[in-house]
S.K.: 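My questions all concern the structure below.
In what follows, chains are A, B, ... by sequence order, proteins preceding strands, each numbered from 1. Since the structure is predicted, the reported quantities are computational estimates derived from the model, not experimental observations.
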Amino acid sequence: MTRFVLRRLLLALPALFGLLVLTFIMLRVLPHDPSAALAGENATPEQIAAVRKAYGFDEPIWKQFVIYVGQVARADLGNSIISNRPVASDIAWRLPATIELTFASLLFAALVGIPLGTMAAVWHNSPFDHAMRIVTVGGLAIASFWFAIILQIVFSMDLGWLPLRSRYPEGMPPPTAITGLYLVDSLITLRFDQFAAAFKHIVMPAFTLSLGGLASIARFTRAGVLETMQKDFVHYAEAAGYARKRIIWVYVLRNSVVAATTQIGLLFGALISSAVAVEAIFDWPGVGSYAVSAILTSDYKAVLAVTLVVGLIYAVVNIIVDVVHAMLDPRVAENL
Amino acid sequence: MKRRTFLAGTGAAAATAVIGSPIALAQRAPNELIWADQLPGNLDPHALFDVPMQGYMVNVYDTLYIYEGNPPKLAPWLASGHTVSDDGLTWTFKLNDGVKFHDDSPLTAEDVVWSFQRLLSIKKGAASAFLPVLDPANVTAPDKSTVVFKLKHSYVPFLSAIPLVAIVNRRVLEPNVKDNDWGQAWLSSHSAGSGVYVLDPETYRPVQQLDLKRNPGHFKGWGHNPQPVEVVRRRNILETTTRINALIKGEIDATDSYLPTDQVERVMKSKTATVSQDESMRVMVLRMNNKKAPLDNVHYRQALSHAFNYKGFISGVLKDYAVRNAGPIPANLWGAPKDLPPYDYNLDKAKELVAKAKAEGAPVDRPIEIHIQQHLAQTTQAAQILQQDLRRIGVTLNIVPNLWPQLVSSTAKPETTPDMWVHWVSTYFVDPENWIGQMYDSSFHGTWKASCWYKNDKVDTLLREARRHSDQAKRTALYEEASRIVVAEAADIWIYNTIELRGLSNRVKGFQFTPVGSGANFRIISLTG
Amino acid sequence: MLILKKFLRDIPAVLGLLIISAVCFIAAFAPVIVPDADAVYFGNIINRLQPPSAEYWFGTDNLGRDVFARVIVGTRGALTVALTVVTLAIAIGVPAGLYAGYSNGWGSEIIMRVTDVFLAVPQLILALAIAQLMGRGLESAMAALALTYWPFFCRTVYGEVRRVRNALFVEALQGLGASTSRILFVHVLPNVASPIIVRATIGMGFTILTTAVLGFLGIGAAPPSPDWGLAIAESREYLPESWWAVTFPGLAILVTVLGFNLFGDGLRDLVDPRLRRSR
């Protein structure tokens with residue numbers, strides 16, 4: 001197992017290196033003269049030259065890249081050209097909100113998708129199976145920013161059930177910061193009032209996002225259950241007189257969910273992508289809305305920093321998924 | 001306790017909390033104001049000067065003079081008054097005693113001098129209004145309560161520009177100076193002021209949020225406002241729709257001041273909020289690059305001026321929440337000729353003028369481009385309305401989405417300046433100089449305000465003379481004459497003067513609009529309920 | 001014909017095919033359905049934000065333009081963009097995947113590592129960064145999407161080629177002295193065609209959706225284009241009163257993407273019953 005984890009980590013290195021090259025190219029090579037942009041509107045030629053020197057733009061390109069990698073390693077993603085502050089700290093502040101939102105929607109997609117997929121497998125090729133497919137694929141096909149606005153109007157404005165925006169009530173003290181995820185922290189500290197407040201805020205954005213993942217989870221669960229149901233142990237269990245319900249929902253499902261977990265890595269990327277527009281609409285203080293304001297102010301350093309950070313998280317999530325997958329299904333580890 | 005029992009118990013408690021939670025959704029603390037207007041890009045009042053910065057600066061910093069009311073009037077603030085020498089070159093300001101910064105140190109003439117030197121040295125934001133007439137060395141403090149400015153040449157709008165300069169606390173800033181940057185990096189996310197509210201730097205997240213706390217020791221005292229706001233939470237909500245819904249729902253107390261006109265009625269109908277409607281001084285302009293053919297042809301420019309459906313746009317799209325403006329100076333400011341007729345919408349005339357331009361050799365068949373600011377819906381609408389009508393007279397107009405920072409840097413040279421672009425000229429200081437002076441005097445070429453690249457020696461002379469005269473009646477005559485010329489030559493297309501529409505919750509009392517800062521003056525606001 | 005029978009039993013996939021046919025029909029006959037091309041771009045401001053009626057089936061938008069005409073003509077744009085992006089992605093990804101899969105050595109290594117890099121960042125985020133640097137507009141949005149989508153083809157083809165590379169018939173061809181390119185394009189490519197088609201179908205739907213998001217964020221189509229995402233972006237500030245200007249373009253996106261995804265899923269079931277990958 002340790003060997004598998006190490007090998008998996010090693011495999012991720014070239015991709016991460018490539019990611020650094022890619023962002024470096026976009027950051028340093030493409031803008032015509034980054035030093036002029038950095039020095040500000042009314043900068044004199046001397047000021048620009050000083051900036052060029054300070055940032056090492058007069059060094060050969062490979063050396064600049066080494067400097068860049070060193071900066072990234074120290075979590076220095078440069079200062080925003082708009083706010084004049086370290087981009088890394090601004091992203092760090094917003095990261096927990098985005099992670100909480102994406103994981104909540106993954107959880108939701110799994111909680112709904114796995115039972116749906118199982119039922120579809122049990123009654124495969126029935127009208128229920130077809131309807132399930134159309135509905136979940138419909139969720140995948142919906143424009144999330146469009147659906148988000150509709151949800152706001154119905155559940156917040158008309159029915160008044162849920163808060164419209166933000167992550168937490170204004171002025172209410174947030175949960176003690178342990179993980180930075182409000183739902184988790186409030187549970188750890190047993191503050192159910194805080195949990196309730198955070199929960200109400202996350203319902204609509206998490207639901208909107210989860211639609212994108214529902215289809216794949218349901219689909220892979222269905223395929224997994226169908227396959228497992230052909231296996232010998234199921235027939236033995238049936239012969240031994242176990243209740244069919246128990247066989248499916250306990251033994252078969254346990255063996256089929258593995259297939260669905262492999263999807264979570266891919267799904268995470270899709271979710272974080274739709275989070276950009278969804279966060280902006282729900283005024284969710286995460287990395288997505290940060291990216292939107294950076295786009296509107298042409299803060300290219302912030303945009304590229306988001307690219308880099310999301311890429312890193314994506315890589316980490318995929319490594320974790322693969323490791324978990326290998327633990328559930330040892331054959332995976334052997335094939336690597 | 002067995003694990004399962006514990007989990008079940010936790011689950012039940014959580015479920016009760018979620019379903020029967022006692023937290024009302026829009027329950028709000030009584031002394032807290034949530035102001036959901038745009039935040040400035042950073043918090044250094046000398047590095048930036050735009051409308052969001054004004055809204056921050058008027059609360060956290062003090063200035064020698066301030067603007068009050070609508071139409072705005074200059075009023076002494078940190079200064080108790082000023083005198084000008086007969087030649088108009090030496091300006092002497094007397095300061096009020098007993099003014100204290102947020103750290104309780106006294107605000108003296110030294111601080112004023114240092115603030116101006118800082119502004120003029122970092123050469124950003126409001127510096128452009130002073131650089132042509134003022135050297136850093138010519139700001140001096142003969143004693144603790146006197147500041148003297150010696151200008152290079154007479155410049156009457158000087159006083160109007162004085163409220164642009166925040167007085168900062170040198171003792172707080174100096175320890176935070178890095179690499180000779182005058183503390184810019186630090187002040188971008190901290191404050192060093194004396195204003196009516198104090199920034200809580202812990203709460204500051206760029207373009208997202210910041211909290212302000214009341215400064216009970218402000219030198220003007222709080223006698224005017226028995227129920228002041230203790231905490232102002234400034235929140236930037238990116239989505240217009242979300243912002244308006246949050247106001248109606250009572251989650252916030254104020255939106256920005258540019259509500260979409262179609263939403264005004266909806267907000268007014270709600271039981272929670274209303275809309276403050278105030279004629280501002282903010283002119284919408286479709287810029288034309290007068291140096292690019294065919295826009296260098298006066299008849300072609302006049303044709304475009306006749307091809308815009310002003311009434312359709314102002315009455316139809318904006319539902320008359322805007323006032324037609326004939327020229328560059330807002331109609332509610334002196335210097336704008338009252339009898340000057342605006343261009344009318346007349347496609348036949350436009351067609352004739354295009355033909356005339358063609359006869360003069362203008363390449364009228366070249367498709368032209370108009371750049372819009374993509375997140376500002378009105379710029380798109382205006383461009384599309386012009387596009388529709390131009391097509392009817394055989395002119396092709398292409399729309400290019402763009403953003404403010406790129407547009408501003410493109411206006412440095414005539415070749416890179418777009419054929420046309422859409423923007424507003426807001427009130428930076430209240431003087432015709434802010435509009436016609438900096439837009440049509442050719443010495444401002446290369447700045448976004450002068451991005452039409454208009455050049456007329458007569459107009460240059462008139463505008464430069466107007467800057468030197470201290471007699472307002474004389475200045476009025478000069479500005480009116482200049483206005484008539486630029487309008488006759490159709491240097492740009494001026495559309496309207498803005499009525500600012502700010503959504504306000506019914507809790508907000510005492511809101512008073514002034515074009516500088518758009519009424520975001522929390523000192524006079526109180527909250528009920 | 002067994003395969004056709006199997007396909008017809010898959011009701012959702014048949015529904016998907018019907019939707020795609022209908023959408024293509026609408027796109028092809030848009031000039032017939034909306035004979036007045038001016039209605040798409042030119043409206044009467046007086047008639048702005050009219051609710052759906054006999055004259056304006058889907059109502060009018062904020063500039064008085066006919067939403068029905070814009071949604072119909074927008075179909076053409078959506079399909080063109082999706083086709084262009086997918087074609088470009090195939091043009092890059094398939095040859096790269098064929099080469100990398102068939103050859104050994106550093107060329108193959110480099111291609112696959114580059115593929116890994118592009119796959120290491122969620123697509124929309126990468127597209128945002130690319131569009132940010134290339135400037136705004138539909139062209140750069142399309143280029144950005146193609147640049148982020150080709151690795152999927154490359155990966156798929158690479159895997160399939162690796163699988164068939166050691167098949168007997170390839171070895172036989174090599175023995176007969178057939179050139180590498182001939183083996184790749186004439187003999188190997190047909191073997192990997194089906195996974196390409198599946199991915200392309202799903203990619204069509206995915207591209208339409210992502211273009212809409214880019215349009216919504218303001219880095220896709222430029223006004224006055226009847227782009228669906230842009231239409232939602234432009235009309236959203238008139239909600240909830242003028243719901244029609246947002247709802248109909250939104251439904252158009254939903255139905256079209258649903259069609260491509262259902263059909264793609266059905267195809268995948270036929271080709272690859274084990275479902276190796278999703279999206």
S.K.: Check whether A:I149 gets within reach of chain C through its side chain, its backbone, both or neither, counting any heavy atom under 4.5 Å.
M.R.: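 For A:I149, the side chain is the part near chain C, not the backbone.
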S.K.: As an exercise: rank A:G139, A:S144, A:G18 by heavy-atom pairs under 4.5 Å with chain C and give me the winner.
M.R.: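 Ranked by heavy-atom pairs under 4.5 Å with chain C, first place is A:G18.
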S.K.: Heavy-atom distances under 4.5 Å only: say whether A:I295 touches chain C with side chain, backbone, both or neither.
M.R.: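 Both parts, backbone and side chain.
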S.K.: For the atom pair CD1 (C:I125) and CD1 (A:I272), what is the distance rounded to the nearest 0.5 Å?
M.R.: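 Reported to 0.5 Å precision, the distance equals 6.5 Å.
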S.K.: More than 12 foreign heavy atoms under 6.0 Å from CZ of A:F128: is that the case here?
M.R.: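 Counting other residues, nucleotides and ligands, CZ of A:F128 exceeds 12 neighbours.
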S.K.: Can you give me the closest heavy-atom contact between C:L254 and A:G138, atom names plus distance?
M.R.: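 In terms of heavy atoms, the two residues are closest at CD1-O, 3.5 Å.
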S.K.: Which pair of non-hydrogen atoms, one from C:V117 and one from A:P14, has the smallest distance, and what is that distance?
M.R.: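 Of all heavy-atom pairs spanning C:V117 and A:P14, the closest is CG2-O, 4.3 Å.
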S.K.: Under a 4.5 Å heavy-atom cut-off, does chain A meet the side chain of C:I208, its backbone, both or neither?
M.R.: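 When you check distances to chain A, no heavy atom of C:I208 falls under 4.5 Å.
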S.K.: As an exercise: rank A:A291, A:G288, A:A15, A:G311 by heavy-atom pairs under 4.5 Å with chain C and give me the winner.
M.R.: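 Sorted descending by pairs with chain C, the first entry is A:A15.
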S.K.: Search all heavy atoms of C:L258 against all heavy atoms of A:I134 and return the closest pair with its distance.
M.R.: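 Scanning both residues, the minimum pair turns out to be CD1-O, 3.7 Å.
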S.K.: Taking every non-hydrogen pair under 4.5 Å, which of C:V255, C:L217, C:T256, C:L239 racks up the most with chain A?
M.R.: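 Option with the top pair count is C:L239.
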S.K.: Taking every heavy-atom pair that is under 4.5 Å apart, which of C:G229, C:A13, C:A129 has the most such pairs with chain A?
M.R.: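 Most heavy-atom pairs within the cutoff with chain A belong to C:A129.
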S.K.: Determine yes or no for a side-chain-to-main-chain donor-acceptor pair under 3.5 angstrom, with A:W146 supplying the side chain and C:V246 the backbone.
M.R.: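 Flag set: sc A:W146 to bb C:V246 pair under 3.5 Å.
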S.K.: Can you tell me which of A:N125, A:L304, A:L312, A:V276 forms the most heavy-atom pairs within a distance under 4.5 Å of chain C?
M.R.: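 Result: the option with the highest number of such pairs is A:V276.
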S.K.: Could you tell me the separation between the CZ atom of A:F17 and the CZ atom of C:R113, rounded to the nearest 0.5 Å?
M.R.: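 Those atoms lie 13.0 Å apart.
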S.K.: Considering only heavy atoms, which portion of A:V137 lies under 4.5 Å from any heavy atom of chain C: side chain, backbone, both, or neither?
M.R.: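 Both backbone and side chain.
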S.K.: Got more than 12 heavy atoms from elsewhere within 6.0 Å of CZ, A:F155?
M.R.: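 No.
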S.K.: Report yes if the side chains of C:L126 and A:L22 come closer than 4.5 Å at any heavy-atom pair, otherwise no.
M.R.: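 A side-chain contact under 4.5 Å exists here.
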S.K.: With a 4.5 Å cut-off on heavy-atom pairs, point out which of C:G259, C:P249, C:A212, C:G205 contacts chain A the most.
M.R.: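 Counting heavy-atom pairs under 4.5 Å, the top option is C:A212.
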S.K.: Pick one of side chain, backbone, both or neither for C:L209, based on which atoms fall under 4.5 Å of a heavy atom in chain A.
M.R.: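 Only the side chain of C:L209 comes within 4.5 Å of chain A.
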S.K.: Any side-chain heavy atom of A:R219 within less than 4.5 Å of one from C:D269?
M.R.: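 Yes, close enough: below the 4.5 Å cut-off.
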S.K.: Please round to the nearest 0.5 Å and tell me the distance separating atom CG of C:L119 and atom CG of A:N318.
M.R.: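 The CG atom of A:N318 is 10.0 Å from CG of C:L119, to the nearest 0.5 Å.
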S.K.: As an exercise: rank C:L124, C:T115, C:D10 by heavy-atom pairs under 4.5 Å with chain A and give me the winner.
M.R.: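 Sorted descending by pairs with chain A, the first entry is C:L124.
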S.K.: Heavy atoms, side chains only, cut-off 4.5 Å: are A:I281 and C:F216 in contact?
M.R.: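 Yes. Closest side-chain heavy atoms under 4.5 Å.
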S.K.: Which pair of heavy atoms, one from A:A277 and one from C:V213, lies closest together, and at what distance?
M.R.: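 Heavy atoms of A:A277 and C:V213 come nearest at CB-CG1, 4.4 Å.
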S.K.: Report yes if some heavy atom in the side chain of A:R133 is under 4.5 Å from a heavy atom in the side chain of C:I11; otherwise report no.
M.R.: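 Answer no - side chains too far apart.
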S.K.: Can you say whether C:L262 sits under 4.5 Å from chain A via the side chain, the backbone, both, or neither, judging by heavy atoms?
M.R.: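 Both parts, backbone and side chain.
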